[in-house]
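Step one of this worksheet: look at the structure below.
Below, chains carry the letters A, B, ... as their sequence lines are ordered, and counting in each starts from 1.
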Protein chains: 2
Amino acid sequence: MKPVPAPLSAEDDLRSAETQAGAFQAVREARRSELAEDYVELIAELIAHFGEARPVDIASRLGVTAPTVAKTLDRLARDGLVMRARYRSVFLTDQGRALAEECRVRHDIVVRFLIRLGLDAETAEQDAEGIEHHVSARTLALFAAFAERRGQPETR
Amino acid sequence: MKPVPAPLSAEDDLRSAETQAGAFQAVREARRSELAEDYVELIAELIAHFGEARPVDIASRLGVTAPTVAKTLDRLARDGLVMRARYRSVFLTDQGRALAEECRVRHDIVVRFLIRLGLDAETAEQDAEGIEHHVSARTLALFAAFAERRGQPETR
DNA sequence: GTATCAAGTTAGCACCGTCTAACTTTTCAT
DNA sequence: ATGAAAAGTTAGACGGTGCTAACTTGATAC
């Protein structure tokens, strides 16, 4: 078969292989940081509300088992996002705290955006959990503008 | 420490551990199907435009190596989404085709939504690649409504 | 003070998704 | 018809994310 044969269906063109590959690479990159972001964001929440972040609470709120949390926290510690001492709660490093704050802001924008769009708060929270990691800076800015704009929520 | 101490910061309450765990479990579930969806969607695109889906093209458009594609295709075949014969192109099963179509529709809605929101087409495509897997049915419906409502002409 | 129980840890397994290196098969130009 | 190039495959490595089972430590009730 020829390297680039003419399209059989001429409706719309495909993006170039390179462009498409770039998009997928960006997605894979985002996927790699997602878990770390979920952890630091949750840890910051727990510390803000309960004064400390215990592995057992992280586990129950993430819906995974304690050993999974332990292993992940070790990785986060290795990567400089958290500090931990054996049998103690977890704390964020400066880097971890910065990341958590960034995530919190982004998360809030996405949630408020979805609610403004007409979604119920519960589903907005759920969807935001997945969406937030894949929103570029430009899109986030548009979300923020839409969320903040004056007017009643779009209930149609 | 007490099991559920009073919040130290009273600004806003946390969701219950169960609710939050549910959201994270949903995200993990979505993450598990993401790659399969990317593959079948891409395979459908390639077949529609070039008449066949060759591993080498899948690899170049995904930005991964050929062995990675091979292994993933084996998994998709095991899961009943694609059919393959050695040294031949890949085809979708009925199930794979159905999934691909569902993804295509969802992808298009997300892209049109983002463009309508004011994003450039290129960034819209990129962000959609990541976002589409995490949009619930309700949110998708809102996206579709927003994208289709009258306003400035769609550039399609 | 000690026994108990919750929390935390360690070890080991499994699967996924990625890679490189080396090999085989197919395709195509001459 | 054949040989080189392209495509595909296999093997093996590695890190991530999850689990269960079994162990150790810490906190608490008495």
Out of [options], whichever nucleotide has its closest atom nearest the side chain of [X]:
X	options	value
B:R54	D:dT10, D:dG8, C:dT18	D:dG8
B:R78	C:dC16, C:dT18, C:dG8	C:dC16
B:T65	D:dA7, C:dT9, C:dC19	C:dC19
A:P67	D:dG8, C:dT18, C:dA11	C:dA11
A:A66	C:dT25, C:dT9, D:dA7	C:dT9

For atom [atom1] of [X] and atom [atom2] of [N], their distance in whole Å:
X	N	atom1	atom2	result
A:L35	D:dG16	CG	P	11 Å
A:Y39	D:dG18	OH	C1'	10 Å
B:L62	C:dT18	CG	C1'	12 Å
B:F50	D:dA7	CZ	P	13 Å
B:D74	C:dC15	CG	P	15 Å
B:E52	D:dG8	CD	C1'	13 Å
B:D38	C:dT18	CG	P	9 Å
A:E34	D:dG16	CD	C1'	13 Å

Establish, with yes or no, whether the OP1 or OP2 oxygen of [N] is under 4.0 angstrom from a side-chain nitrogen or oxygen of [X].
X	N	value
B:R28	D:dG18	yes
A:R84	C:dT9	yes
B:R88	D:dA7	no
B:R31	C:dC15	no

### Message
Given the structure, check if the side chain of A:K71 and the base of D:dG16 hold any donor-acceptor pair shorter than 3.5 Å.
### Response
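Between D:dG16 and A:K71, which were checked side chain against base, a qualifying N/O pair under 3.5 Å is absent.
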### Message
Quick one: does any side-chain atom of B:R61 pair with a main-chain N or O of A:Q20 as donor and acceptor, under 3.5 Å?
### Response
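Looks like no, no N/O pair under 3.5 Å.
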### Message
Treating B:T93 as the side-chain partner and B:G80 as the backbone partner, does any N or O pair qualify as donor plus acceptor under 3.5 Å?
### Response
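Indeed, once roles are kept as given, a pair shorter than 3.5 Å links the two residues.
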### Task
Please tell me which of B:A53 and A:R86 maps to the more 5' nucleotide of DNA chain D, matching each residue to the nucleotide holding its nearest heavy atom.
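Residue closer to the 5' terminus by nearest nucleotide: B:A53.
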#### Entry: Residue mapping more 5' on DNA chain C - nearest nucleotide basis, A:V56 or B:T68
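It is A:V56 whose nearest nucleotide is closer to the 5' end.
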### Message
Can you tell me how the ring of A:F113 sits relative to the ring of A:F143, calling it parallel under 30°, perpendicular over 60° and tilted otherwise?
### Response
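Correct class here is parallel.
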### Side-chain donor-acceptor contact under 3.5 Å, A:D120 with A:T123
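The criterion, which ignores hydrogens and geometry beyond distance, is satisfied for A:T123 and A:D120.
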#### Entry: Beyond-backbone contact of A:V40 with A:R97, side-chain heavy atoms, under 4.5 angstrom
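In short, these two side chains do not touch, never coming nearer than 4.5 Å.
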